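The next block holds one structure in the form of C-alpha coordinates; read it before the comments.
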Amino acid sequence: MDWIRIAKTNAAPVMVHGQKITWQNLAVQVWVPGKKGGAIYNRPFRVTVEHPDGQTESHLIFNYTRLACGLVMGLGLLSVFSMISRRKA
(Lines give C-alpha, C1' and ligand atoms only; values in the text may rest on other atoms or scores of the structure.)
Protein backbone atom coordinates (compact mmCIF):
# COMPACT_ATOMS: atom_id res chain seq x y z
CA MET A 1 0.00 0.00 0.00
CA ASP A 2 1.38 3.38 -0.90
CA TRP A 3 -0.54 5.29 1.82
CA ILE A 4 1.09 3.51 4.78
CA ARG A 5 4.76 2.85 5.51
CA ILE A 6 6.36 1.06 8.45
CA ALA A 7 10.11 1.40 8.92
CA LYS A 8 12.74 0.54 11.52
CA THR A 9 15.55 3.07 11.64
CA ASN A 10 18.75 3.45 13.64
CA ALA A 11 19.66 6.74 15.28
CA ALA A 12 23.19 8.07 15.18
CA PRO A 13 25.38 6.10 17.63
CA VAL A 14 26.53 7.83 20.81
CA MET A 15 29.76 7.02 22.68
CA VAL A 16 29.37 6.84 26.48
CA HIS A 17 32.26 5.62 28.67
CA GLY A 18 33.78 3.79 25.70
CA GLN A 19 30.54 2.03 24.81
CA LYS A 20 28.67 2.68 21.56
CA ILE A 21 24.94 3.08 22.18
CA THR A 22 22.48 2.98 19.28
CA TRP A 23 18.71 3.57 19.49
CA GLN A 24 16.42 1.74 17.10
CA ASN A 25 13.14 3.44 16.25
CA LEU A 26 9.88 2.17 14.81
CA ALA A 27 8.17 4.69 12.55
CA VAL A 28 4.68 4.36 11.09
CA GLN A 29 3.65 6.92 8.48
CA VAL A 30 0.08 7.16 7.21
CA TRP A 31 -0.99 9.47 4.40
CA VAL A 32 -4.63 10.39 3.80
CA PRO A 33 -5.48 9.56 0.17
CA GLY A 34 -6.53 12.64 -1.78
CA LYS A 35 -5.39 15.05 0.93
CA LYS A 36 -2.09 16.73 1.69
CA GLY A 37 -1.20 15.37 5.10
CA GLY A 38 -1.29 12.39 7.37
CA ALA A 39 0.15 11.15 10.65
CA ILE A 40 3.52 9.92 11.88
CA TYR A 41 4.01 7.65 14.90
CA ASN A 42 7.65 7.28 15.95
CA ARG A 43 8.99 5.65 19.10
CA PRO A 44 12.20 3.97 20.26
CA PHE A 45 11.78 0.22 20.69
CA ARG A 46 15.31 -1.14 21.20
CA VAL A 47 18.71 0.04 22.40
CA THR A 48 21.92 -1.71 21.33
CA VAL A 49 25.08 -1.39 23.44
CA GLU A 50 28.45 -2.33 21.93
CA HIS A 51 31.21 -2.73 24.54
CA PRO A 52 34.89 -1.94 23.82
CA ASP A 53 35.72 -5.67 23.77
CA GLY A 54 33.29 -6.20 20.85
CA GLN A 55 30.47 -7.77 22.88
CA THR A 56 27.02 -6.51 21.88
CA GLU A 57 23.88 -6.34 24.04
CA SER A 58 20.40 -5.57 22.78
CA HIS A 59 17.60 -4.46 25.12
CA LEU A 60 13.93 -4.01 24.25
CA ILE A 61 12.20 -0.88 25.56
CA PHE A 62 8.77 -1.50 27.07
CA ASN A 63 6.54 1.49 27.73
CA TYR A 64 4.62 0.85 30.96
CA THR A 65 2.93 4.25 30.79
CA ARG A 66 1.31 3.38 27.47
CA LEU A 67 0.08 0.08 28.94
CA ALA A 68 -1.38 1.87 31.97
CA CYS A 69 -3.12 4.47 29.78
CA GLY A 70 -4.61 1.71 27.64
CA LEU A 71 -5.91 -0.10 30.71
CA VAL A 72 -7.45 3.08 32.15
CA MET A 73 -9.08 3.88 28.80
CA GLY A 74 -10.40 0.33 28.51
CA LEU A 75 -11.88 0.46 32.01
CA GLY A 76 -13.45 3.82 31.21
CA LEU A 77 -15.06 2.48 28.03
CA LEU A 78 -16.27 -0.60 29.91
CA SER A 79 -17.93 1.57 32.56
CA VAL A 80 -19.58 3.79 29.91
CA PHE A 81 -20.99 0.77 28.09
CA SER A 82 -22.16 -0.66 31.41
CA MET A 83 -24.00 2.59 32.27
CA ILE A 84 -25.59 2.72 28.80
CA SER A 85 -26.79 -0.87 29.03
CA ARG A 86 -28.29 -0.27 32.50
CA ARG A 87 -30.06 2.86 31.27
CA LYS A 88 -31.72 0.97 28.36
CA ALA A 89 -32.89 -1.90 30.61
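All values reported here derive from a predicted model rather than from experimental measurement. Below, all heavy atoms of this structure are taken into account, side chains as well, without hydrogens, waters or symmetry copies. We count residues from 1, following the sequence as given.
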(request) Please name all residues satisfying side-chain contact (heavy atoms from CB on, under 4.5 Å) with Leu67, sequence neighbours left out, ordered by chain then number. (result) Phe62, Leu71
(request) May I ask you to list the residues sharing a hydrophobic cluster with Val72, side-chain cutoff 4.5 Å, ordered by chain and number? (result) none
(request) Tell me who clusters with Val16, hydrophobic residues only, linked when side chains sit under 4.5 Å apart either directly or through other members. (result) Val14, Ile21, Trp23, Val47, Val49, Ile61
(message) Connecting only ILVMFWY residues whose side-chain heavy atoms lie within less than 4.5 Å of each other, what is the rest of Met15's hydrophobic cluster?
(response) none
(message) Let me confirm one number: the CD-CG distance from Gln24 to Leu60, rounded to the nearest 0.5 Å.
(response) 9.0 Å
(request) List in chain and number order the residues that pass side-chain contact (heavy atoms from CB on, under 4.5 Å) with Ser82, two or more places apart in sequence or in another chain; answer none if no residue qualifies. (result) Arg86
(request) Scan for salt bridge (Lys or Arg N to Asp or Glu O under 4.0 Å) pairs involving residues 16-25, sequence neighbours excluded, and state none if there are none. (result) Lys20-Glu50
(request) Please name all residues satisfying side-chain contact (heavy atoms from CB on, under 4.5 Å) with Ile6, sequence neighbours left out, ordered by chain then number. (result) Leu26, Val28
(request) Measure across Gly18 and Pro52 and return the closest heavy-atom pair with its distance rounded to 0.1 Å. (result) O-CG, 3.2 Å
(request) Enumerate the residue pairs fulfilling salt bridge (Lys or Arg N to Asp or Glu O under 4.0 Å) with a member in residues 34-45, sequence neighbours excluded, ordered by first and then second residue. (result) none
(message) Distance check, rounded to the nearest 0.5 Å: Asn10 atom CG versus Asn25 atom CG?
(response) 8.0 Å
(request) Please report the closest heavy-atom contact between Thr22 and Ala11, naming both atoms and the distance. (result) CG2-O, 3.6 Å
(request) Scan residues 57-75 for pairs that pass side chain to side chain donor-acceptor pair (under 3.5 Å), counting only residues two or more places apart or in two chains. (result) Tyr41-Arg66, Arg46-Ser58, His51-Glu57, Glu57-His59
(request) Among residues two or more places apart or on two chains, list those pairs meeting salt bridge (Lys or Arg N to Asp or Glu O under 4.0 Å) that have a residue in residues 6-16. (result) none
(message) Once rounded to the nearest 0.5 Å, what's the spacing between atom CD of Gln19 and atom OG1 of Thr48?
(response) 12.5 Å
